[in-house]
Every structure is written in C-alpha cells, then in structure tokens.
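Notes for the one structure printed next.
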Number of protein chains: 2
Amino acid sequence: MDIPHFSAGERCVIPPGFIEALQQRFGARCSSAQAVREHHGRDESPYPTMPPDAVVYAETTEEVAWVARLCHESRVPLIPYGAGSSIEGHLLAIRGGITLDLSGMNRVVAVNAEDLTVTVQAGVTRKQLNEEIRDTGLFFPIDPGADASLGGMAATRASGTNAVRYGTMRENVMNLKVVTADGRIIETANRARKSSAGYDLTHIFVGSEGTLGIITEVTVRLYPQPEAISAAICNFPDLDAAVNSVIEIIQMGIPVARVEFLDNAAVKATNAYSKLGLRESPLLLFEFHGSPAGVKEQAVAVQEITREHGGMDFDWAERPEDRSRLWTARHNALFAGLQLRPGSRASTTDVCVPISRLAECVSATAQELDRASFPYMIVGHVGDGNFHVLMLIDPDSPEQWEESERLNRRLVRRAIDMDGTCTGEHGIGLHKKEFMLAEHGQDALDLMRALKLAFDPHNILNPGKILP
Amino acid sequence: MDIPHFSAGERCVIPPGFIEALQQRFGARCSSAQAVREHHGRDESPYPTMPPDAVVYAETTEEVAWVARLCHESRVPLIPYGAGSSIEGHLLAIRGGITLDLSGMNRVVAVNAEDLTVTVQAGVTRKQLNEEIRDTGLFFPIDPGADASLGGMAATRASGTNAVRYGTMRENVMNLKVVTADGRIIETANRARKSSAGYDLTHIFVGSEGTLGIITEVTVRLYPQPEAISAAICNFPDLDAAVNSVIEIIQMGIPVARVEFLDNAAVKATNAYSKLGLRESPLLLFEFHGSPAGVKEQAVAVQEITREHGGMDFDWAERPEDRSRLWTARHNALFAGLQLRPGSRASTTDVCVPISRLAECVSATAQELDRASFPYMIVGHVGDGNFHVLMLIDPDSPEQWEESERLNRRLVRRAIDMDGTCTGEHGIGLHKKEFMLAEHGQDALDLMRALKLAFDPHNILNPGKILP
C-alpha cells in the first residue's frame, strides 16, 4: 500500500550509546524488543506499521522531561503514545526515534468537585475517569468511539457524541501540564473559568498532536450528572429527511445532548453486531439531558420537528441499561461496519461543515459512494455538522485503496468549498496533511510552520505530522 | 503619576518620508494633528496620554495590510484601535508609531442565520451588531461594560455579564481575518462548528491584544433569542451570603444566564446614578433564559438556594423595559462609582478564581479595602468567579495611586495563590505585565516570547504590551 507523505530512508540516525542511556535510566521500562516497537508503530489507521527504535514507559512528568532533554540534545524524534486509538497515522514513527508510552501515567491527580474540574495524568482514559468520579455526581462528557486517553484526546482535539451540547476538548480543557521540546515543564493556564492573561497556550497545545510539546497532565471541566435523561430513536424515510430535521433542531436552539445519524447500512451493521432490533431505515439517535420537565419539553419540541420532516414516532429507550446498550452500539459502529465485509479494512472520513450545508454535503457524498466498488456506511455527529463515511475496502486491493482515497479527496474538497473542514475530530496525522494547504492557505500554513519552529526548533516532536 | 513598565525616551525614530507616504496613500484619512493623536494615545485607564506619531483611518483589510507592510519594512510600531474602551493601557503608543483606527470598518459582512453565525468587520460594536441582527431572532450575548468593537473584544478575550451561560470571546469566536506583522492576510479557521485541522490560529489571536496580528474581521456564534426571559433582584444580609449562594448555584449546574454581584457601595452608587430604588444591601442580579417552564424552574431552584443562605424574596423585573433599565444600570456601574466621589479617578481590578475560592477571595479583599483611605465598590460576574474592585482615588494624590496599586498587587497575589488569574476579562495591556511571571512562570513566558518573535520578528505590533 502506498503511504502518502511517507518516503522511506528518512529515518534518523540514533547516536551510539543513546538507547543504552535510556536503558540505564529506565531499566525494563525501556524496550527495543521488536514486538513492543511494532505495537507502538501503528494506530487504528490502515497504514502499515512503522516502528520506533525503542519504547520508553514513562511514569512521571519529570521522566518525560528527562527523555525530552536527551532527545533534544541528540536530535532524536520523540512520539507520545496514549491508548493507540488514533486513526490518521498519528503514531507512526516515520523517522524512527523514541516512542514515549504514557499509559502508565493513569492517576487522577485532583478531583475539585466543587469547581466542576478534575486534573488527571495524560494516560487516564475517558472510561476510567468516569468510573473514578462516579460518586461525585459529576461526569465528563467527551466520548470519542475508542476508550482514548485524556492526553491523546487533548492532543487531537477530540470530541464525540456529546459535543453538540457540551463542546469538544477545545471547549473543555482548562489547563495542561506540558513538557516542551527541550524538556522544560510548564502549565498552560490555571483553574479560573476565564482569563485574559496573555497568549492562550492551552489552545496552542490542544490539537497539536504531540508536535509542539508532550501533554502529561490535563485539567478538564466536569458537569453535574443530569437529573433526568431520556433517549429515543427516530426512523426516517430517507437520509435528507433525517438531516433536515437536525438542521432545524439546531437552528431552534434546542439543547439536545446527543443527536447521531446512522444511514441504512450503519443500522443494519449495528443490528447484526450489537444484537439490536432497530428498524432498518436512516435514523437519528437522540439523548436529552435536564430536569424531568425540561427533558420532556425538549423531546416534544424535537418530535414536532421530526414529524414535519416525515420521521416516524419515537422509540424510547427508557431504562439506563437500554440507553447504555444503544450508545455502546453506536460507539461500536466502526467494528460493526467491518463485519459488513469480513476481512475488510475501514478507511474513515471525517468532514465537518456549517449546519446549513449538511444535507447537501451528505447527499452528494452518498450519491457518489453509491457508485463505489465497495460497501460503505455513514454515521454522524450531525448536530455539529460532522459526519464519517466508513469505506470497507479489500486490504489486498490497491485499486480499492486508490478509489477510497479519491472519494475522500472529493468529499474533503466539497466540505472545504462549503466553508467546512477536512477533519472535525480525528486530526491530521499523516493522512490529512495533503488537505492543509487547501483548507488554510499558504500564509496561514506559514504561520503554523513558524509556530512549530519556535516551539520545537530541532523538529524532534512527532516529526512529519500535521504540516505538509 | 508613575507609569509602570514605561520609560520615556524609547520612542521609535520615524524614517524621513514615512508619514508622507501614508498621507499620499490615505489623504485626509491619515492625520498627525495633535488632537487626533492624543485622542488615540489613551484608553479608559488612569494612565496619561501617550500619542502615536500619526493616525490612519483604515477602511478595508487590504489597507490594513498595506500599512502593516510599510511599518514592517520601516520598523515602525503599529497599534490597532477600535472603540478606545480598554482599561489597562492597551492603546498607549509608548514607543510612538502609527495607530490604525478601525472604527470605520463597521460593516456586517455576512449574517448566516441558519448556521447561527455572523461575520463582521472589526470596528462593528456589540450594540450595533445586536441592532443589525434583531430581525433574525438571534442575538450576540457577549457584553463588556463599554460598547466595545468586536475586533477589540476578540483582541482582549472580553466577556461580561452573560459569560456564565454563553462563554467569553474565547468560546464564541469561530474565525478571524487577520493581517500579519508583514502585511499578509490570513483566515484563522472556517465556519465549521468544530475542527481538528492543525494548530488553533483562532485562539492564538484571541486575547493577543494586537501584538501578534491585526484582526480585521470576526466571525462569532449567535444564539436564538430566548423564548422567555426573567430577571430578579435578591438582597442579602452580607457579602458572604450572596457569594455562597452563587457557588451553590454553579455547583448545581443551574444554567443561569446572568448572575451579577453588587456590594452595598455599588448598590448605593447605582441607585444614585441610574435613578433606581434598589434595596441597599449586597445583592445579586439574576437573569434566566429558556422556555417559559424552564425559566420558572430555574428561578424556583435558585430561590431555594438563596433563601437557605439568608437571601430575601426575589424582586422581579418582569417587563422588558425594567430589565433593560436594570442591565443598563449594571453596565454603568463604573460611571456610577465615579459619582460616589466627584472628581475621582477609578482604578479597577479584575481577578478570577475557581468558584470554590470565591467567597474567601472576595471577603479577604473587602476586609483589606475597608482600611483604605479612599472609597471602593465591588461588582462581579460572580458565576465565573470573576469580580472587580473600583477604587476611587484622588487623581492628584500619588499616595492614593500607590495605595491602590499595592492593594491590587495583594489581590492579584491572592487570586494567583488560589489557582486563579490576574485578569478575567480586561487583559494585560501595560498595567498587568508585572503579574505575568507570577501567573505563568518563566518557562511558559519564554514560550509566549518565542511565539511573539515568530509572528512579529521586528516587534512592531503594539510593542511593549503583554510581555514583561
């Protein structure tokens, strides 16, 4: 398979004694075993493995800083690694170097329930976090499909199904502890809800994919668990009817907590994989959060809108276990999709457009995909104007890979032409670099390059990612 | 009066022919008349005027870029100017140079009502914006006291009374058109509600106070005008009771739209200035937005909490004109305060702390201020943990200026020790530079300096501001 933006032979030269120095410092927590290196040289993307020269399992911010100083002095690439769940090639060690596994930094540092904030080490995963704070009556809403680490979620500006109501990592990270390229330790902000005190370092690192610094601690906002929650499924005669309903719901300002779209193929796949009995037509999954009266009011308002667009009556998921099954099924849509075509590999798209253009963008995309030589399904966090196509390609067919890439390029071009973006939540990694120029223009890219050079002058931090 | 962070004799040398080149390009829109220069060399801070060498009234982004290129080539400082309402010395031309008045760039560029966004030129003010979009059923909530320009509000990361519900400029700016130090024109993002496409240029410029680039267009989020609005006044026996009520309201997650604190002195001043009959004790002004039932529900929940803390019964402001009078009075608190001591000058503080520390911070501050030699009042956007002290000092008394500065330093130190910030919404300008090190630490400041150098290598953009 051809790897865009990767040419072999660019691997760094590891200076003599470098790995030994790491081994002396970290003992068994520094490994150059092939299995360990290969495990850390890939992510959930269709790219082939590209292993680092060694893997270090860090346990403290100071250890991360120590490794960064060594890599900085020796000009050796350094790639932070959390749960390994990214999907655009973020973790491939295309120039070799050291991968820093932060999954052992999995401690909740401080729960400040009275301020609705929590500080965690970068390796804490979203599910672990919600387990650990369950007794506080608070929760953390951001939920990418995978059980990603908070550090990784901050680094890719992740979101998920709750973003329409609670925002993304962009809106929910309050402070970061970061190790700079040369091994200094900074905090980007504090726990004040707002501040005008100088440049916004927090947002510089959120979404920087390990290329500007290594996030070792994350402080995020928490929310009171809603007094009442209800979830409902609404089937539609076609895709347009579903998407147009969403557009109207958002324009009315109804504070839905979740509104997820599944096309017909996604419904079928989910039924099969998660043993659900969803009616097989395009549908929306809703969740409403609030007071009992507020939830009812939202549901009535939404149902009025969906009916006007030809939606069927709501199927309610009343019990917590039913809701949980439904959302687990939604989060497993990727795996469900893969079962549509056993042995296939998924190539996933991730555009986001202004809500007014969503129906047009989804429809045009579906029409093109109907002519593809492989099956596909569409799912979307449509309340944000964000949707994904899963293209199920034959891993042994370069033609299907090429075809899926071509369709993705056309989709991205369509989204950018609609004043949208080539990635709503997955990030750039390797796979989306080719779109950076079209989305941002040369002058904005130059500013990004100037920022990278200022923060990482020797280009050691996750080199070759984001910037074309 | 002593000016911290300003030493005379640092003014730039304007090269021969420079002003003439501007005059040739801009005609009467380039002025070096003393009155014009002096008008642009001050803001609402107590600092003395420090005029630029000339003022250019720009009307297009291209004109701004033309001036930036000229200043960049000639190493002449360039200061963007909106409504002139900043209060920390942001606009003083401490090294001379050119002030670029953007108040003529006051056109609404695009209303995208269906996407809940609007794009405006930088000189559009918040009141003008809300006038122009009134018919869409949408509104823009961010409301600093002054009728500031949207460009200036973005540049200082402004907020106001609605931030507790709707966020600050940080959360509401979606895209910026910016002229770089060397006169290139970029857009920082697009109109997608979320994106993971590379570095977050938008947030780099929001809060950068004209030191990294010149904002010429701003795209912000809009919100549907709430179906129902109600406002209420709640008096308390003392400051602690009021602030503790707010803490509990926020912790319960009740989505109040506004919750403003006025201490006894602020109530008296507001009564006198705005001809209101508020009961004279510390009070909270509330506003609730939502459906009729939702608004009622919020009000009931809040009233339960305030009663538990000894709050009196709500006084309701039912009619739109009563609400409008109330909020206009709140926005005029600064002017009302100045009338407490005719002929005085106001020195204003602006800290923000985690909500759990708010009562402690406000109380300790009030206790210290009770021993001051001048009157003061406290008002606060307390739902965010943000409050202001207005110290009414004798402009002819260097001792009172020194005393107010000393009290402000102690307040800022207290806020930073509580994991808060030296400025919640006013920005750094000249006046808060001395706190940047204590708040951020040396290593974080070094990163900010690296960013400044990368974006403005000749230090021509609003030099001498933000960074100590």
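Order of the sequence lines fixes the chain letters, A, B, ..., with proteins taken first and strands second; residue numbering starts at 1 for each chain.
- Of the listed residues (A:Met436, A:Glu248, A:Glu227), the greatest number of heavy-atom pairs within a distance under 4.5 Å of chain B belongs to A:Met436.
- The pair B:Asp115-A:Arg357 does not count as a salt bridge, with every side-chain nitrogen at least 4.0 angstrom from each carboxylate oxygen.
- For chain A, the nearby part of B:Ile466 is the side chain; its heavy atoms alone come within less than 4.5 Å.
- Across B:Thr421, B:Ile250, B:Asn386, a single residue satisfies side-chain contact (heavy atoms from CB on, under 4.5 Å) together with A:Arg193, and that is B:Ile250.
- Using a 4.5 Å cut-off between heavy atoms, A:Thr117 makes no contact with chain B at all.
- Separation of atoms CD1 (B:Ile185) and CG (A:Asp443) is listed at 9.0 Å; rounding is to 0.5 Å.
- Put simply, of B:Gly167, B:Ala163, B:Pro226, B:Cys352, the one with the most heavy-atom pairs under 4.5 Å next to chain A is B:Cys352.
- Between B:Asp200 and A:Arg157 there is a side-chain heavy-atom pair separated by less than 4.5 Å.
- Interface residue A:Ile428: backbone and side-chain heavy atoms are both found under 4.5 Å from chain B.
- Heavy atoms of A:Thr168 lying under 4.5 Å from chain B belong exclusively to its side chain.
- One distance of note links CD of B:Glu171 with NZ of A:Lys194; it measures 10.0 Å at 0.5 Å rounding.
- For chain B, no part of A:Asn112 is nearby; none of its heavy atoms comes within less than 4.5 Å.
- Looking at every heavy atom in both residues, A:Gly253 comes nearest to B:Pro224 through CA-CG, 3.7 Å.
- Comparing B:Glu187, B:Met174, B:Glu297 by heavy-atom pairs within less than 4.5 Å of chain A, the highest count is held by B:Glu297.
- Ranking B:Gly427, B:Gly198, B:Gly294, B:Gly385 against chain A, the residue ahead of the rest is B:Gly198, based on heavy-atom pairs under 4.5 Å.
- Of the atoms belonging to B:Arg191, heavy atoms from both backbone and side chain fall under 4.5 Å from chain A.
- Under the rule for a ring-ring contact (aromatic ring centres under 6.0 Å, His included), the partners of B:Phe288 that lie at least two apart in sequence or sit in another chain are B:Phe286.
- Note: A:Leu451 leads A:Val353, A:Leu451, A:Leu445 in heavy-atom pairs under 4.5 Å with chain B.
- Checked against ring-ring contact (aromatic ring centres under 6.0 Å, His included), B:Tyr223 has the following partners two or more places apart in sequence or in another chain: B:Tyr166.
- Atom CD1 of residue B:Ile186 and atom CG of residue A:Leu447 lie 4.5 Å apart, to the nearest 0.5 angstrom.
- Taking both residues in full, the closest heavy atoms of A:Ala450 and B:Ala454 are given as O-CB, 3.7 Å, listed atom of the first, atom of the second, then distance.
- For B:Asp384, the parts lying under 4.5 angstrom from a heavy atom of chain A are both the backbone and the side chain.
- Side chains of A:Ser196 and B:Glu425: no donor on one and acceptor on the other come within 3.5 Å.
- Residue B:Met418 does not touch chain A at all, counting heavy-atom pairs closer than 4.5 Å.
- Chosen from A:Leu358, A:Leu116, A:Thr156, A:Leu201, the residue pairing most often with chain B at heavy-atom distances under 4.5 Å is A:Leu201.
- Shown here for A:Ala192 and B:Gly420, the closest heavy-atom pair between the two residues is CB-CA, 4.1 Å.
- Using modelled atom types, no side-chain atom of B:Asp419 and backbone atom of A:Asn190 make a donor-acceptor pair closer than 3.5 Å.
- Residues of residues 202-212 of chain B having a heavy atom under 4.5 Å from any heavy atom of chain A, listed by number: B:His203, B:Ile204, B:Phe205, B:Gly207, B:Ser208, B:Glu209, B:Thr211, B:Leu212.
- Neither the backbone nor the side chain of A:Val178 comes within less than 4.5 Å of any heavy atom in chain B.
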Intermediate values then yes/no, side chain to side chain contact (heavy atoms under 4.5 Å, CB included), A:His440 and B:Thr188:
CA-CA 7 Å; A:His440 296 287; B:Thr188 58; over 6 Å; no
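- Neither the backbone nor the side chain of B:Asp350 comes within contact range of chain A; no heavy atom of the residue lies under 4.5 Å from a heavy atom of that chain.
- In this structure, chain B has a heavy atom under 4.5 Å from the side chain of A:Leu467, while its backbone stays farther away.
- Here B:His388 pairs with B:His381, B:His426 under the ring-ring contact (aromatic ring centres under 6.0 Å, His included) rule; sequence neighbours left out.
- At distances below 3.5 Å, at least one donor-acceptor pair connects side-chain atoms of B:Gln251 with backbone N or O atoms of A:Glu114.
- One distance of note links CD of B:Glu439 with OG of A:Ser195; it measures 5.0 Å at 0.5 Å rounding.
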